[in-house]
Amino acid sequence: MTILVHGSDTLTRDALTVLQPGFVGTTAPDWLLRRIGEGLSSVGLFGRNIVTPEQLTALTAQLRAERDDVLVAIDEEGGDVTRLEVKQGSSFPGNYALGSVDDVELTRAVARELGRRLAQCGVDLNWAPSADVNSNAENPVIGVRSFGPDPDLVARHTVAYVDGLQGVGVAACTKHFPGHGDTNVDSHDALPRIDVDLATLHARELVPFRAAVAAGTKAVMSAHILLSALDPHRPATLSPQILTGLLRQELGFEGLIVTDGMEMQAVSATYGIERGSVLAIAAGADAICVGGGLCDEDTVLRLRDALVNAVRTGELPEERLADAAARVRALAAWTQAHRARGAGSVPGAAVQEGTAPGADIGLVAARRALKVTRGEEPYTPVTGTPYVASFTPVANFAVGDETPWGIAAELERLLPGTETGSYDETSADSAPADAGERRVVAVVRDLHRHPWMIRALDALLAARPDTVVVEMGLNEAEPRGALHIATHGAARVCGRAAAEAVVGTGA
C-alpha cells in the first residue's frame, strides 16, 4: 500500500535517509536529484554509471550540487570486482593476490592508492573490503575476493585495507558479516547456510570482523546467509541476534551497518524487498543497499513507504529508524569533513609516511603475487605469436560478465599477432585444433571447481605438452604444463604480470 506523505515530514526524511539506491545512466536522473533534496542521503554507483574518471567526477559533483553531504558509495574491491574500470579490468590485484604475498604494508599501500582515486572522483564510501575467510574452496561467490583461508591472515590484511582506505577519507565497509566464506551457494541466487558450532564461528568467521571493528572500520555490511548456531530462523541481515546482539553489543561496533543488496534472492525470494528492508532496520541495520538490479524511482518509493508504514503500524519503532538515520548522517559528516580538508584531492595531500610507489603499486603487487612453477623440461619462453585458449566459466553476479579478464590483451602488447579463443563446456575440445601450429597459452579460472575444464586441459596438454598454463582463480589444482603461472586473481594487472612471465621478462 502506497502512503502519501509530505516531503518535509521527519519520518519520511528518515526513511529516505537510510536508503542507498542505484540508478541507470552516467548522469543523475531528475528523480534522484529530487529525492536527494527530500532527504535521500546516499547513492550507490555501479559499473553502468561509470565511463571515465572525469565523467565520474562530474557525476558526483552533480549529486553534491543538490546536497553537499550526500554519501556516494561504490562496490570497488579491486581485482575481479571493479566498477571504476569495469570495461578495462582493474589496475589493482584483489584480496587473494594480496593475501598470497602477505605483506600488510603492500596491502595498505594498494588500498590507499585505490582510495585516493575514489576520493579524487568524489566517492567516499567503498563497500569493501571482503573480510570473509574462504574456508570452502568450492565457494562460488567469494573465492579470490577473500584474502585467504586463514583467519589471522585475513584479519591483518583486512585491518591494513581499512587503514589504507580511511587514511585518505574513504569510509571502509567491511563485509560480509558474519562471514560468507564457508558457503557453497551464491546468495545472489539462493539462501546459503553455515551449519557450524559457535566455537568455530568465533575462531574462524568472526576473527577478521573483530579486528576490523577494533581498527575503526566506519561501516560493516551484513550477509544474506543463515548461520544456524546464531539464528536458526533468519539470515544475518534480518537477525536482531546477529546485528544487534553480536555486532553491536558483543563486538562493540558503533558505526554504520549496511545490508547487502536487498534484491538478492537470498532475501527477496522469501521476504520481498519491502518487508526485508523493514526487518533489516528493525534487526539493527542502518542502511539499505539496493540498486544492483532494481534501480528506479519506484523502488525507492516502495522502500520509503514500507518503512514509514511499518513505523505507523508499530512494527518498526520510530526511534530505531531515527537511530539508523542518525548513523547515516554521522558517517556523511565524517566524509564531508575529509573532503573539506582536501584529503585525496590534492596531489600528495593524503599520502602517509611509508607509502609504497603510488600509481604503479597495483602492478608492483600483481608481480609479487605471481607463483611460477616450471615443468620437468627446461622452459622455453614464448617468442612467436602464441594462441591463447581461455577456458571461461560462468561469472558470478558480483564479478559480472562485463569486465574482461585473461592475458590475451597483455600478451598481444608484448607479442603482436597473438590470437585468442574463448571456450566453454561445449566447445573446449576444439582448442588444440584451433591453435594450429602456434604455441598455446591456456588460461583457466578456478580449475579445481570445473570438471569439464580439467578434462579439456588434460587433453590439450597431452596433445601439446609445451603449453603454458595460467590459473587466474583459486590456485587449488596441482600445477601442470611446461610453465604454470598462478596469478591469484583475474585483474588486468594480474594478466600483465602473467604475460611478462610467459615471454620471460618477469619470471
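- In the model, Asp132 has a side-chain atom that pairs as donor or acceptor with a side-chain atom of His176 under 3.5 Å.
- Using modelled atom types and a 3.5 Å distance limit, the side chains of Arg492 and Ser91 yield a donor-acceptor pair.
- Annotation for Asp197: atom CG counts as buried by contact number, over 12 foreign heavy atoms lying within 6.0 Å.
- Residues Thr174 and Thr217 have side chains that bring a donor and an acceptor to within less than 3.5 angstrom of each other.
- Here the side chain of Ser268 pairs a donor or acceptor atom with the backbone of Glu263 at under 3.5 angstrom.
- In summary, Asp69 and Arg64 do not engage in a salt bridge, as defined by a charged side-chain N under 4.0 Å from a carboxylate O.
- The pair Arg83-Glu76 does not count as a salt bridge, with every side-chain nitrogen at least 4.0 angstrom from each carboxylate oxygen.
- Side chain to side chain, Arg302 and Ser277 fail the donor-acceptor criterion of an N or O pair below 3.5 Å.
- Donor-acceptor pairing under 3.5 Å is lacking for the side chains of Asp14 and Thr17.
- Defined by atom type and a distance below 3.5 Å, a donor-acceptor pair is missing between the side-chain atoms of His338 and Thr335.
- Using modelled atom types, no side-chain atom of Asn139 and backbone atom of Asn136 make a donor-acceptor pair closer than 3.5 Å.
- Between Glu274 and Arg304, none of the side-chain N atoms (NZ, or NE/NH1/NH2) sits under 4.0 Å from a carboxylate O, so this pair counts as no salt bridge.
- Side-chain contact annotation: Asp231 with Ser239, donor-acceptor N/O pair under 3.5 Å present.
- Side-chain contact of His157 with Arg108: a donor-acceptor pair under 3.5 Å is absent, judged by distance alone.
- Residues Trp127 and Gln20 bring a donor and an acceptor atom of their side chains to less than 3.5 Å of each other.
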